[in-house]
Asks: 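Have a look at this one before I ask anything.
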Amino acid sequence: VTETPESNCDVLIIGAGPAGMMMAAWMARMGINARIVDKRSTKIFSGQADGLQCRSLEIFDSFGFADRAWKEANHMIEMCMWNPGEDGVLRRSDRVPDVPAGLSRFTQIVLHQGRIERFFLDHIKKHSEDTLRVERAVLPESLEIDEGKCDDHSPENYPINVQLRHLTDEEAAPAQANGQTVSDGLFRSNLVDDDTDALIKKGRENKGGSEIVRAKYMVGCDGAHSWTRRQLGFQLEGEPTDFIWGVLDIVPITDFPDIRNRCAVHSASSGSLMVIPREENLVRLYIQLTEIKPDASGRADRSKITPDTIIKAAQKIIAPYSLTYEYCDWFTAYQIGQRVGTNFDYKSRVFLTGDAVHTHSPKAGQGMNVSMQDSFNLGWKLGMVVKGIAQPSILKTYQSERRRIAQDLIAFDHKFSRLFSGRPAKDVMDEEGVSMEDFKKAFVNGNMFASGLSVDYGTSMLVAKPGSSADQGDGTDVSSTHHQKVVGRQELATNIKLGMRFPSFKVLNQSDARPWEFQEKLRSDGRFRIIVFAGNVVNAQQQARLKVFCQHLTSSGFLAPHVHKSIALLTCHASKRTEVELLRDFPDVLHPFDSKLGWDYNSVYVDDVSYHEGFGDAYKNYGVDKESGCVVVTRPDQYVGYVDSLDEEGFVGVESYFKGVLVS
Ligand code: FAD
């Protein structure tokens, strides 16, 4: 009898879609002993999600691969709205910018999920030195959690026991519906049953290999049908609707004038269509399939859904314009439904991220983004706890921060998809029809949300806002238990909002005058940052304040050991660049010396006019006083945790914030 192999790992990730990849990226960056398994034998090559929000690009940039997506993608700049005129004939009624100006240094782009997975794979390979690889055709078949050990976060404790089953590539390949000529995503659609249980059964019957993994933490990134969620007995709450939509990725042949813009097309009586221009001449069409209805069991007949039925529906909606194609890259269909998970974690040991805890319609282009951002929120917290740097209680903020975002997403999608699926109103008296004015308003107002930039995390030990963590509304206590609560002084940086991501303006490198977006300096390296807005450093009094703050940083028994290790320092001053010298005017701790690398010339910046790229006016835009400055603490995910003054009192506040988060 061969024994089942057994091994330990710190973090076991189930599923290698966008949520799993983001989790693995953090693990690679932070040097965590992690594993990631996926039941499929290959990554995605076509279709599926394609929209990337501004915030996702900012995050990609913090890892260092936004440029790859930016270059390859199609950029969505304009959104056009098409509605029937008074004569019932389709006409363009409006044009609006796809993303309002000034929101982010990025705009929304589209590129298919397979490429995004590729960028992650390359990144994970590089940063883990090829030790963290997606293990494909592997899936869990049992999960045991030692309840008694969950609260003990000591390093030798592995309370999670998972049996993994290995499949052959043939066993793991999904069945395609249409004889393999065009890839389809129906196997992942909510119109069909999930095949996880069948795969486990097949693997057992064929006596494929199995192994036991003991883990400290586990993250279920296994999509809408999440096996992990089922094992925990957690539900998704919400309702499906009767609206069925087809998705077609084609190279269109058409006389419709706005085919290279994002368009919402509402026909008088044949349903609606969304046009998403894509890379390499592709266009994605989201098409309401009004002739396909769910049966009594609530499911639509999947066999009726072919590229042909979908394009016929599109032709009716877009008439009198013509629309055909020679090349179809991918298609799928789904039934709209908005659902949110009841729980996002089990005892701070097993977590669920992505579609495993929220599902909704894809048209607003949110799912992949919000899924990656769930893992972006959780990954560094797990990394810091595993390394013994942060207190395990910070893990509770995952649910308190992300469940509210999922609820907001569902509310947004509910509104947006109903307005989108509804028939346009004939006149003001037509109560059943959707007012096109309301649709435009919802789109424009929803833009801030859809960009991912409106995320505003509530009070916790990680976000020192006024109010109590009980204000979260889901009963999770995420206040710090170990020290006196501190509240950040928002008035010192009025536009660097506690709980929101650190915004970006241009600043110059003090040493070489090169302009940078300041946010680019907040890399995702698993460290907090103390951002010292040093103010007018040529003023002697201000210079003294800066020195006092820095002396405390280097002498504090609690903080000094963390400085440069789990807390990076970044400085921006507001004097003239030419009146200041790096080595003379800034304490060493702000630009430390390394015997091999010399002085650090990449940590001190200035709010001054550049030679070639204008003036970022960063202090004014950040709402920080140019004379006295302030101190801002950002978390490893760029969200703002704390703000205080640049002096002794401010130092005490900063130290107190970190005492609630880090281990001494
Ligand atoms: P998934 O991408 O579903 O990944 C889950 C992974 O887990 C898969 O690789 C799967 O094989 C694996 N897995 C599942 N079960 C197991 C198991 N038991 N064991 C091991 N592995 C398992 N989102 C956007 O943001 N923008 C868009 O434009 C957009 N368009 C979309 C268009 C369509 C047609 C569809 C269907 C979705 C679209 N979405 C969009 C949504 C987006 O695809 C999902 O929200 C996103 O993929 C969720 O990521 P995830 O990692 O949570 O789950």
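The basis for the numbers below is simple: all heavy atoms, side chains too, and nothing from hydrogens, waters or symmetry mates. It should be emphasised that the depicted structure is a prediction, and the values quoted were computed from it without experimental measurement.
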Asks: Would you say the side-chain atoms of Glu58 and Gln638 include a donor-acceptor pair closer than 3.5 Å?
Replies: no
Asks: Can you tell me if Glu627 has over 12 outside heavy atoms packed within less than 6.0 Å of its CD?
Replies: yes
Asks: Parallel, tilted or perpendicular: which describes the rings of Phe119 and Phe65, with under 30° parallel and over 60° perpendicular?
Replies: tilted
Asks: Can you spot which of Lys521, Arg105, Arg68 makes a salt bridge (Lys or Arg N to Asp or Glu O under 4.0 Å) with Asp61?
Replies: Arg105
Asks: Which residues pass the salt bridge (charged side-chain N to carboxylate O under 4.0 Å, His left out) test with Arg339, sequence neighbours left out?
Replies: none
Asks: Side chains of Met372 and Phe60: does their closest heavy-atom pair fall under 4.5 Å?
Replies: yes
Asks: Do Asn536 and Lys626 have side-chain heavy atoms sitting under 4.5 Å apart?
Replies: no
Asks: State whether a side-chain donor-acceptor pair under 3.5 Å links His573 with Gln510.
Replies: yes
Asks: Can you tell me if Asp413 uses its side chain to pair, donor with acceptor, with the backbone of Leu409 under 3.5 Å?
Replies: no
Asks: Could you check whether Glu520 pairs with Arg514 (Lys NZ or Arg NE/NH1/NH2 to Asp/Glu carboxylate O, under 4.0 Å)?
Replies: no
Asks: Should we count CZ of Phe593 as having more than 12 external heavy atoms under 6.0 Å?
Replies: yes
Asks: Taking the side chain as everything from C-beta on, heavy atoms only, tell me whether Leu232 gets closer than 4.5 Å to Val350.
Replies: yes
Asks: Not counting sequence neighbours, which residues clear ring-ring contact (aromatic ring centres under 6.0 Å, His included) with Phe533? List them please.
Replies: Tyr619, Tyr622
Asks: Using a 3.5 Å distance criterion without hydrogens, assess whether the side chain of Gln108 forms a donor-acceptor pair with backbone atoms of Gln53.
Replies: no
Asks: Show your working on side-chain contact (heavy atoms from CB on, under 4.5 Å) between Leu378 and Phe344 and close with a plain yes or no.
Replies: CA-CA 11 Å; Leu378 175 62; Phe344 281 37; over 6 Å; no
Asks: Under 30°, 30 to 60°, or over 60°: which ring-plane class applies to Phe449 and Phe412, parallel, tilted or perpendicular?
Replies: tilted
Asks: Return the set of residues passing side-chain contact (heavy atoms from CB on, under 4.5 Å) with Glu613 (not counting sequence neighbours), or none when no residue passes.
Replies: Lys506, Pro515, Ser610
Asks: What residues, two or more places apart in sequence or in another chain, satisfy ring-ring contact (aromatic ring centres under 6.0 Å, His included) together with His358?
Replies: none
Asks: Under a 3.5 Å distance rule, please check whether Tyr639 uses its side chain to pair with a backbone N or O of Pro636 as donor and acceptor.
Replies: no
Asks: Taking side chain as C-beta onward, heavy atoms only, is Ile145 less than 4.5 Å from Tyr346?
Replies: yes
Asks: For Asp456, enumerate each residue passing the salt bridge (charged side-chain N to carboxylate O under 4.0 Å, His left out) test, keeping only those at least two apart in sequence or located in another chain.
Replies: Lys465
Asks: Using atom types as modelled and distance alone, determine if a side-chain donor or acceptor of Arg402 lies under 3.5 Å from a backbone N or O of Ser375.
Replies: no
Asks: Hey, is the main chain of Ala356 close enough, under 3.5 Å, to the side chain of Ser226 for a donor-acceptor pair?
Replies: no
Asks: Hey, is the main chain of Thr397 close enough, under 3.5 Å, to the side chain of Ser400 for a donor-acceptor pair?
Replies: yes
Asks: I'd like to check the side-chain contact (heavy atoms from CB on, under 4.5 Å) partners of Gln542; sequence neighbours left out, ordered by chain and number.
Replies: Asn539, Arg545, Ser628, Leu646
Asks: Taking the side chain as everything from C-beta on, heavy atoms only, tell me whether Val654 gets closer than 4.5 Å to Leu553.
Replies: no
Asks: Just to verify, what does Lys620 make a salt bridge (charged side-chain N to carboxylate O under 4.0 Å, His left out) with, not counting sequence neighbours?
Replies: none
Asks: To the closest 0.5 Å, what do you measure between CH2 (Trp516) and CG (Asn509)?
Replies: 8.0 Å
Asks: If we only count heavy atoms from C-beta on, is the Phe586 to Leu546 side-chain gap below 4.5 Å?
Replies: yes
Asks: Once rounded to the nearest 0.5 Å, what's the spacing between atom CD1 of Ile530 and atom CG of Asp644?
Replies: 11.0 Å
Asks: Look up atom OG in Ser556 and atom CZ in Phe658, then write down how far apart they are to the nearest 0.5 Å.
Replies: 11.0 Å
Asks: Arg529 side chain to Val632 main-chain N or O, any donor-acceptor pair under 3.5 Å?
Replies: no
Asks: I'd like to check Arg29 versus Asp525 (side-chain heavy atoms, cut-off strictly below 4.5 Å). Are they in contact?
Replies: yes
Asks: How many angstroms lie between CZ in Arg501 and OG in Ser104, if you round to the nearest 0.5 Å?
Replies: 5.5 Å
Asks: Gln543 and Lys547: side chain to side chain donor-acceptor pair (under 3.5 Å), yes or no, with the steps?
Replies: CA-CA 6 Å; Gln543 182 57 235; Lys547 287 219 167 92; 3.3 Å; yes
Asks: Pairs under 3.5 angstrom only: tabulate donor-acceptor contacts from the side chains of residues 562-572 to other protein residues two or more places apart or in another chain.
Replies:
from, atom 1, to, atom 2, distance (Å)
His562, ND1, Ser566, OG, 2.8
His562, NE2, Val663, O, 3.0
His564, NE2, Val589, O, 3.3

Asks: Between Asp600 (side chain only) and Pro592 (backbone N and O only), is there a donor and an acceptor less than 3.5 Å apart?
Replies: no
Asks: Donor-acceptor check, side chain of Gln366 to backbone of Gly51, threshold 3.5 angstrom: yes or no?
Replies: no
Asks: Find the distance between CD (Glu401) and CG (Leu462) and round it off to the nearest 0.5 Å.
Replies: 6.0 Å
Asks: Is the closest side-chain donor-acceptor distance between Arg55 and Gln373 under 3.5 Å?
Replies: no
Asks: If the condition is salt bridge (charged side-chain N to carboxylate O under 4.0 Å, His left out), which residues does Asp408 pass it with, not counting sequence neighbours?
Replies: none
Asks: Does Val580 reach the side chain of Val606, with side-chain heavy atoms less than 4.5 Å apart?
Replies: no
Asks: Is it the case that more than 12 heavy atoms not belonging to Asp67 sit under 6.0 Å from its CG atom?
Replies: yes
Asks: Who are the side chain to side chain donor-acceptor pair (under 3.5 Å) partners of Tyr398, not counting sequence neighbours?
Replies: none
Asks: May I ask you to decide if the ring planes of Trp380 and Phe528 are parallel, tilted or perpendicular, using 30° and 60° as cut-offs?
Replies: perpendicular
Asks: So is Arg349 actually on top of Tyr217's ring, under 6.0 Å and inside 45° of the axis?
Replies: yes
Asks: Is the side chain of Gln490 donor-acceptor paired with the backbone N or O of Leu498 at a distance under 3.5 Å, no angle test?
Replies: yes
Asks: Quick one: CZ on Arg229 to CG on Leu236, what's the gap to the nearest 0.5 Å?
Replies: 3.5 Å
Asks: Taking everything shown except Gln541 itself, do over 12 heavy atoms lie less than 6.0 Å from its CD?
Replies: no
Asks: Can you name the side-chain contact (heavy atoms from CB on, under 4.5 Å) partners of Asp10, sequence neighbours left out?
Replies: Ile32, Asn33, Tyr158, Lys216, Val386
Asks: Going by the rule side-chain contact (heavy atoms from CB on, under 4.5 Å), which residues pair with Thr342 if we only count those two or more places apart in sequence or in a different chain?
Replies: Phe234, Gln235, Glu237
